[in-house]
Protein chains: 2
Amino acid sequence: MTKHSGCPTETTLALIAGKWKVMVIYWLLKEKRRFNQLQRDLTGITPRTLGKQLKEMEQDGLLKRVDYGEIPPKVEYSLTSLGRSLQPILIAMEEWAQLNMDKIPARENALFIEDNPETKT
Amino acid sequence: MTKHSGCPTETTLALIAGKWKVMVIYWLLKEKRRFNQLQRDLTGITPRTLGKQLKEMEQDGLLKRVDYGEIPPKVEYSLTSLGRSLQPILIAMEEWAQLNMDKIPARENALFIEDNPETKT
DNA sequence: ACAAGTACTATCATTTAGGATACTGTTGAA
DNA sequence: TTCAACAGTATCCTAAATGATAGTACTTGT
């Protein structure tokens, strides 16, 4: 997913389509959180990627960053009302998946065999 | 967006997050369509990419492909009931975007300056 | 004196999605 | 007879997303 055409559905999609964004929202819906706390919550994310996702979401108006200017640093992330207003959509997606779990085949891979090392001489 | 962790919300997201998938569903909600027709509908898509999106969506159970085995070829794509059942979610996303249009800043680019050609000597 | 926690950024590398272009074989229409 | 339409696939390439790893400056706890 890259550019969105002006289609409103795709606009919304673009805001939550980052690999970790749904989970960031999930944790921030519980309560505000600090950077390292989020990194512990989202097991496996690197600080670089977390930083990017947070910055994008902040630019998109989904969350706000409050820097207390202290030393050692203290920065808190929390959802804006715009961010919180996505909750019904996320819940709808969650319920849809749970309801249709059985009908969704597990697609693992393999479209065309393309640039596949095994295929080359 | 790449792998989904087993989180149902992300499962749903993964099914519709391809660059053209929402629009494919949009057109197929109207009526069944053939490959070249879709390519005309989705202005700008290449046949390779269209082929991929359709194949993924078919593997995901969102649409079905019917090959009439004729010559010249005739193949029709239509939504499955699973695919059609996504409509409320897409509408919810559309309405959310329309309702919040004014609050969503236009994010154009520029996170860190990273591997930027202008920055290099 | 040393380690750990704070919030990151820098640099480099890999992976993935998507695009450009050309091509297939057959048919019916101009 | 040459052309477009049909439904794609093959090959190559670029751009975007994400990951791995290391390091910043400062402070509190042991």
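Residue numbering restarts at 1 for every chain, and letters A, B, ... go by the order of the sequence lines. Hydrogens, waters and symmetry mates play no part in the numbers below; they use all other heavy atoms, side chains included. Everything numeric here is computed off the predicted structure, so don't read it as measured data.
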Side chain to side chain, B:Thr9 and A:Trp96, heavy atoms closer than 4.5 Å: no

Listed nucleotide nearest any side-chain atom of B:Thr46, set C:dT27, C:dG19, C:dT6: C:dG19

Whole-Å distance separating the NZ atom of B:Lys74 from the C1' atom of D:dG8: 17 Å

Gap between atoms NZ and C1', on B:Lys19 and D:dT14 respectively (whole Å): 12 Å

Salt-bridge present (B:Lys21, B:Glu56; N to O < 4.0 Å): yes

Touch class at under 4.0 angstrom, heavy-atom based, for B:Gln37 against every strand present: nothing

Nearest-nucleotide pick for B:Val75, side chain only, options being C:dT27, D:dT18, D:dG8: D:dG8

Residue closer to the 5' end of DNA chain D, A:Gly44 versus A:Pro72 (nearest nucleotide): A:Gly44

Value in whole Å for how far the C1' atom of D:dA5 lies from CD of B:Glu76: 16 Å

Euclidean distance, atom CG of residue A:Leu54 to atom P of C:dT9 [Å, nearest integer]: 10 Å

Value in whole Å for how far the P atom of C:dT21 lies from CD1 of B:Ile45: 16 Å

Sugar-phosphate only, base, or nothing, as touched by A:Tyr77 at under 4.0 Å among non-hydrogen atoms: sugar-phosphate

B:Gln87 and B:Leu29, any side-chain heavy atoms less than 4.5 Å apart: yes

For B:Gln39 against B:Leu50, the heavy-atom pair lying closest together: N-CD2, 3.8 Å

Side chain of A:Thr49 - closest among C:dG19, D:dG19, D:dT27: D:dG19

CG on B:Leu13 to CG on A:Leu90, rounded to 0.5 Å: 8.5 Å

Interatomic distance where CD1 belongs to B:Ile71 and C1' belongs to C:dT26 [whole Å]: 6 Å

Touch class at under 4.0 angstrom, heavy-atom based, for B:Gln39 against every strand present: nothing

Side-chain N or O of A:Asn36 closer than 4.0 Å to phosphate OP1/OP2 of C:dT6: yes

Atom pair distance, as rounded to whole Å: CD in A:Gln53 and P in D:dG19: 8 Å

Candidates D:dA7, C:dA20, C:dA7 - which lies nearest the side chain of B:Pro73: D:dA7

Min side-chain heavy-atom separation A:Tyr68-A:Glu76 under 4.5 Å: yes

Selected nucleotide, minimal atom distance to B:Arg48 side chain, candidates C:dG18, D:dT18, C:dT9: C:dG18

Under-4.0 Å side-chain N/O to phosphate OP1/OP2 contact, B:Arg34 with D:dC6: no

Among D:dC6, D:dT21, C:dT6, the one nearest A:Pro47 by side-chain distance: D:dT21

Length of the CG-P vector between A:Leu50 and D:dA17, whole Å: 16 Å

Per B:Lys55 side chain, nearest of listed nucleotides D:dT21, D:dT9, C:dT6: D:dT9

